[in-house]
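Okay, structure first, notes after.
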Amino acid sequence: MRSYRELFRTPEFTPFFLASATHTVGQTIGGLALGTLVFRATDSPLLSAVSMFGPQLAQVLGASLLLSGADRLRPRTALTGIALAFAAGTAVLALPGLPIGAVFGVVLLQGLVASLGGGVRWGLLNEILSKDGYLLGRSVFNMLSGLMQITGFATGGALLAFLSPRFCLLLAAALYATTALGMRLGLTERPPRSSGRPSVSATWRTNALLWSDRPRRLTYLGLWLPNGLVVGCESLYVSYAPHAAGALFACGALGMFAGDVTVGRLVPAAVRRRLATPLLLLLAGPYLFFALRPALPLAAVAVTLASVGFGASLVQQERLMALTPDELSGHALGLHSSGMLTMQGVAAALAGSIAQLTSPGTAMTLMAAASGGVTVALATAARRGAPERVPVPQES
């Protein structure tokens, strides 16, 4: 599969794409509204960051307990149910007078539900397109995410200037409900990719199997750590620029879009395989500039440039799929998604704690330095490792 035209002619891809776009817009509007609501109520960078990225903290629990369902549940049913759960939870967050403790309880429940969504979603994409089209399809979804985040954050920022955060949360809930309808009507009913019932033991067994191979393990760490630490920087946009956070998020989404277009469509495969480390260093580097506490225009340029580095995830995901058998693709991609989002939640909490003690600019600089250091360490470990192989694991 070599062209976007061929991609969108593939049955089920277009409705799946449009429903995912709606979900992303709802997620960005809802996240910005919730972060703003909590910051206005508490004046706390830590609580604001955790409210936006807190669902990710529950991903580690979901990856430990629920992830076997990624290949053992019917994809259409699972994705429809997940979207409805998000609609209900976001509507609850819009209730007036909801205590902060209850807000975080709902946020963590949403994260637990979402931990299953990544594996189901990306496993279904791999099934719709097959491995030869997965990279192009995933790059389009990443570009979609960038464009919809630009739309969502710009729209959310504009709405928050005139309307209340609670109204924006209700809008996000409506978008999630629309996503559920799109998944239900646009996808065909497919059987699970693997036999057997979802269980904790099956989740642990497959996690251990995927983690046991060194090249795959290093790939997972590369997908989780540098990216997550930089998202810790992003979690401080609201406290760094309370009245212009939407603009910074939109600039970050624009940079991510540019990186995904370049890596997914323009760079030859032979060159692409060597780009992961340089792109991850680009992802962290511009945030070091925040030690100088730049004004908003310069901060926006730095954020846009850094976010081009998110294109590294396409290179790493292509490598992960080459190392993973088809029957475990959903679980493998779910483990990637859950681990990445968990690290993002941890990094948001860490960055918020540092900002609470110092300043948002200082915290962003320290998180970026840590991301760059981890990238160098992982690249060194990969060079010292054994030649790459593709394992053929046996399920018990």
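In summary, the side chains of Ser235 and Gln344 do not present any donor paired with an acceptor at a separation below 3.5 Å, with no hydrogens or angles considered. Inspection of the Thr362 and Ser359 side chains reveals an N or O donor paired with an N or O acceptor under 3.5 Å. A donor-acceptor contact under 3.5 angstrom links the side chains of Thr219 and Arg319, judged on distance only.
Ring geometry for Phe8 versus Phe13: interplanar angle over 60°, hence perpendicular rather than tilted (30 to 60°).
Without hydrogens or angle criteria, Ser48 side chain to Gly35 main chain gives a donor-acceptor distance under 3.5 Å. The closest donor-acceptor contact from the side chain of Thr90 to the backbone of Ala173 lies at 3.5 Å or more, if one exists at all. Within the 3.5 Å criterion, the main-chain N or O of Leu160 finds no donor-acceptor partner in the side chain of Ser164. Between the side chain of Arg76 and the backbone N or O of Leu187, at least one donor-acceptor pair lies under 3.5 Å.
Atom OG1 of Thr304 is separated from atom CG of Leu254 by 5.5 Å, given to the nearest 0.5 angstrom. With rounding to the nearest 0.5 Å, the separation of OG in Ser44 from CD in Gln356 is 4.0 Å. Atom CG of Leu229 sits about 12.0 Å away from atom CD of Glu234, to the nearest 0.5 Å.
Screening Leu280, Leu275, Leu281 for a side chain to side chain contact (heavy atoms under 4.5 Å, CB included) with Thr277, the sole residue that qualifies is Leu281.
Under the 4.5 Å side-chain heavy-atom criterion for grouping Ile, Leu, Val, Met, Phe, Trp and Tyr, Leu209 is connected to Met321 within one hydrophobic cluster.
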Handout entry: Derivation and outcome, side-chain contact (heavy atoms from CB on, under 4.5 Å), residues Ser313 and Met340
Key = CA-CA 10 Å; Ser313 67; Met340 178 186 69; 5.9 Å; no
Exercise for the section: Evaluate the criterion side-chain contact (heavy atoms from CB on, under 4.5 Å) for residue pair Leu279 and Leu283; output intermediate values, then yes/no. Expected result: CA-CA 6 Å; Leu279 285 169; Leu283 181 63; over 6 Å; no
Practice task
Evaluate the side-chain contact (heavy atoms from CB on, under 4.5 Å) criterion for residues Tyr220 and Gln316: first the C-alpha distance (whole Å), next the side-chain angles of each, then the deciding distance (0.1 Å), finally the verdict.
Solution key: CA-CA 8 Å; Tyr220 273 127; Gln316 295 165 308; over 6 Å; no
Exercise for the section: Starting from the C-alpha separation in whole Å, work towards a yes-or-no answer on side-chain contact (heavy atoms from CB on, under 4.5 Å) for Met343 and Leu225. Expected result: CA-CA 7 Å; Met343 185 59 207; Leu225 299 178; 3.8 Å; yes
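Remark: aromatic rings of Phe16 and Phe141 are close, center separation under 6.0 Å. In this structure, Tyr287 has its ring center under 6.0 Å from that of Phe290. For an aromatic pair to be called close, the ring centres must be under 6.0 Å apart, and Tyr176 with His23 satisfies this.
Between Glu318 and Arg272 there is a salt bridge, with a side-chain nitrogen of the basic residue lying less than 4.0 Å from a carboxylate oxygen of the acidic one. Checked for salt-bridge contact, Arg190 and Glu12 meet the test: a charged N lies under 4.0 Å from a carboxylate O.
In the displayed structure, Arg166 atom CZ is contacted under 6.0 Å by more than 12 heavy atoms of other residues, nucleotides or ligands.
Between Ser239 and Pro242 the shortest heavy-atom distance is O-CD, 3.9 Å. Cys233 and Met364 get closest at one heavy-atom pair: SG-O, 3.3 Å. Across all their heavy atoms, Leu248 and Ala241 have their closest contact at CD1-CB, 4.1 Å. Closest heavy-atom contact between Ile128 and Pro11: CG2-O, 3.6 Å. Shortest non-hydrogen contact noted between Asp260 and Phe310 is OD1-O, 4.3 Å.
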